Amino acid sequence: MSVEGAARIVRELTSRGYNADRETVAMIADSERPAAVLERVLRETPEDALVIRPELVRSARAAVDRAGDGTGGDGRSDRSSDGSERRLGPMPDSGSAPEDPSVSTGTDPERPSDGGGGSPVETKGSEPPDVDGEDRRETESESRVADRETVERETVERGDREVEIAGDMTGASTGTGEYRDFVAVFRDRLDRLGSKLKGRVNHRPASAIGSMPGGSEAGMVGLVNDVRSTASGHWLIELEDATGTFPWLVMKDREYAGLVDELLFDEVLAMEGTLADDAGIAFVDSMYFPDVPRTHEPSTADRPVQAALVSDVHVGSREFMGEAWDAFADWLHTDAAKRVEYLLIAGDMVEGVGVYPGQDEELDIVDIYDQYEAFNERLKGVPGDLEIVMIPGNHDAVRLAEPQPGFDEELRGIMSAHDPRIVSNPATVTVEGVSVLMYHGRSLDEVIAELPAEKASYDEPHKAMYQLLKKRHVAPQFGGHTRLAPEEKDHLLMEEVPDVFHTGHVHKLGFGKYHGVLAINSGCWQSQTDFQKRNNIQPDAGFAPIVDLDTLDVTVQKFS
Ligand code: D5M
Ligand code: FE
Ligand code: ZN
């Protein structure tokens with residue numbers, strides 16, 4: 001252990017009011033990546049703790065070793081006002097440029113219109129619960145945390161149940177937070193989403209477009225690098241690919257002008273248009289998003305079976321609605337719920353600690369582990385034969401940067417009631433042939449803040465989800481509020497179209513279909529917090545949307 005390293009760690013700890021014994025400090029200092037371990041320890045130590053617990057350091061070390069925890073960078077890329085920043089520059093050890101002259105089969109070239117929303121249907125949580133309390137079926141206790149590959153699919157069948165997981169990046173984080181990771185993740189994004197667009201335009205690399213004669217027709221596929229309005233009210237959109245950037249001008253009176261307000265930085269687009277005489281800019285004739293094909297037909301289950309989709313339980317908060325949750329758990333034991341065989345929980349199991357300034361004043365349970373114990377007690381109330389799938393959210397004790405790996409061993413040990421399947425945020429779970437993309441929904445705040453209200457609002461969170469489906473990415477924008485960790489692969493893009501897209505986070509209930517995909521934002525189990533009061537946010541608390549997997553119809557059960 002270097003004395004200097006240990007001293008630095010002690011300084012970091014004491015400046016935050018914590019003590020630690022020599023052994024604990026040594027355990028941090030002697031780890032392979034002391035800074036990452038320290039950061040994790042600080043994040044997971046309750047604010048009111050006095051001493052750093054050695055077992056927490058041990059689990060942080062294990063987690064950092066296992067995950068290669070890429071929290072070093074938060075993805076913030078300072079965008080210079082002249083848009084000259086380059087993210088796709090040469091990679092020291094990456095192969096060829098993504099530009100591929102072969103044309104992929106284009107999907108539907110049409111642009112989408114709104115996918116027809118739906119407003120919540122409320123039904124009163126029925127009959128007095130006939131609780132039998134006993135587990136209706138033994139669950140297997142096979143370990144599910146074996147080292148997984150991101151792309152590996154895992155199918156486990158228990159009786160009639162079918163659960164398959166894809167895209168779980170737990171234990172597969174490659175990020176080191178270094179510059180090369182940003183290059184890699186953007187290249188991967190452009191390659192994989194770009195290939196969905198290349199059949200639609202006669203695309204050329206940015207560098208080649210710059211040397212074409214004025215008046216030529218040109219097409220390009222790239223990442224949105226900058227969006228600016230010009231003095232005369234037109235829009236200048238700079239697209240970037242592996243060869244450089246090129247500016248595209250959307251005239252204010254063209255039909256595409258109406259789409260400019262829904263663009264986010266770093267999403268992938270295709271443009272087609274005519275080069276100006278001096279060839280330094282192109283006038284946009286058409287614009288394409290990766291999108292969900294209009295002809296998309298979702299898969300459905302071949303028997304009448306249902307899934308309950310919930311999120312944002314927030315156990316440990318003073319506002320956690322324990323009675324409503326227990327009523328839900330009881331209802332699941334009744335005949336009315338006998339077809340509900342799956343329970344999906346999209347993050348924020350607990351309230352967490354140190355998530356927002358002043359949060360400690362609203363805590364009912366101050367220790368994060370105690371919060372998970374209490375959550376597990378609530379989970380025990382649901383029938384034992386439910387298949388449960390859970391991902392973490394921004395209040396949970398995993399790294400904040402997305403993609404968020406599934407909970408570590410220690411937390412899995414605590415949340416063991418009914419042997420839930422614990423995967424990363426995001427991940428895709430296929431139940432009875434219906435693929436459900438589960439994502440906590442942190443980026444929804446950003447989509448709602450940046451887009452006009454008719455395209456995305458807290459009152460209609462499913463419409464914000466439509467935008468993510470259209471962009472085929474759960475969190476396109478780097479450098480905003482959503483913390484993103486660069487990885488070799490972009491785990492946040494939607495390579496495949498899901499049948500159901502399930503998010504939470506904004507504590508609002510809303511659902512609707514977009515090109516056949518059912519988008520559901522589940523509400524929460526936390527009544528209005530002080531923050532929400534101050535900001536006039538009315539949460540939809542105590543509702544459970546239930547999806548018929550054979551029809552993708554939704555009914556909402558109310559428990560508050
Ligand atoms: O997020 C619940 C919703 O409320 C989500 O839209 C963010 C917003 N929220 C809640 N508290 C805060 C504070 N203090 N600052 C900014 N935004 C906030 P959840 O992740 O459940 O807290
Ligand atoms: Fe939440
Ligand atoms: Zn949240």
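When a ligand or atom number is given, it counts from 1 through the structure's own listing order. Side chains are part of it too, since the values below use all heavy atoms of this structure and drop only hydrogens, waters and symmetry mates. It should be emphasised that the depicted structure is a prediction, and the values quoted were computed from it without experimental measurement.
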Q) Is any side-chain heavy atom of Gln526 closer than 4.5 Å to a side-chain heavy atom of Asp312? A) no
Q) With side chains defined as the heavy atoms from C-beta onward, is the minimum distance between Pro461 and Thr503 less than 4.5 Å? A)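 A side-chain contact under 4.5 Å is absent here.
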Q) Listing residue and atom name, which protein N/O/S atoms are closer to the Zn ion (ligand 3) than 2.8 Å? A)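 You should have found Asp348 OD2, Asn394 OD1, His440 NE2, His505 ND1.
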Q) Does the ring centre of Phe501 sit less than 6.0 Å away from the ring centre of Tyr514? A)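 That pair fails the under 6.0 Å test.
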Q: May I ask you to check whether His395 and Tyr356 place their ring centres under 6.0 Å from each other?
A: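 Ring centroids of Tyr356 and His395 are less than 6.0 Å from each other.
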Q: Output the set of protein residues with a heavy-atom contact under 4.0 Å to ligand 1, ordered first by chain identifier and then by residue number.
A: Asp312, His314, Asp348, Tyr356, Asn394, His395, Asp445, Tyr458, His505, Val506, His507, Phe531
Without hydrogens or angle criteria, can the side chains of [X] and [Y] be said to hold a donor-acceptor pair below 3.5 Å?
X      : Y      : result
Gln532 : Glu319 : no
Ser522 : Ser311 : yes
Ser457 : Asp459 : no

Q.
Given 3.5 Å as the limit, does a donor-acceptor pair link the side chain of Asn376 with the main chain of Ser416, or not?
A. yes
Q | Ionic contact status for Arg399 with Glu487, cut-off 4.0 Å | A |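 So Glu487 pairs with Arg399 through a salt bridge.
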Q | Under-4.0 Å salt bridge between Asp490 and Arg192 | A | no
**Q.** The single option from Phe320, Trp525, Trp331 passing ring-ring contact (aromatic ring centres under 6.0 Å, His included) against Trp325
**A.**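 Between Trp325 and the candidates, ring-ring contact (aromatic ring centres under 6.0 Å, His included) is satisfied uniquely by Trp525.
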Q: Applying salt bridge (charged side-chain N to carboxylate O under 4.0 Å, His left out), name anything that partners Arg472, two or more places apart in sequence or on another chain.
A: none
Q.
Set out, in order, the CA-CA distance, both residues' side-chain angles and the distance that settles side-chain hydrogen bond (donor to acceptor under 3.5 Å, both in side chains) for Tyr458 and Asp445, then state yes or no.
A. CA-CA 8 Å; Tyr458 285 109; Asp445 283 330; 2.6 Å; yes
Q: Sort by chain and number the protein N/O/S atoms that are closer than 2.8 Å to the Fe ion (ligand 2), and list them.
A: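 N, O, S partners closer than 2.8 Å: Asp312 OD1, His314 NE2, Asp348 OD2, His507 NE2.
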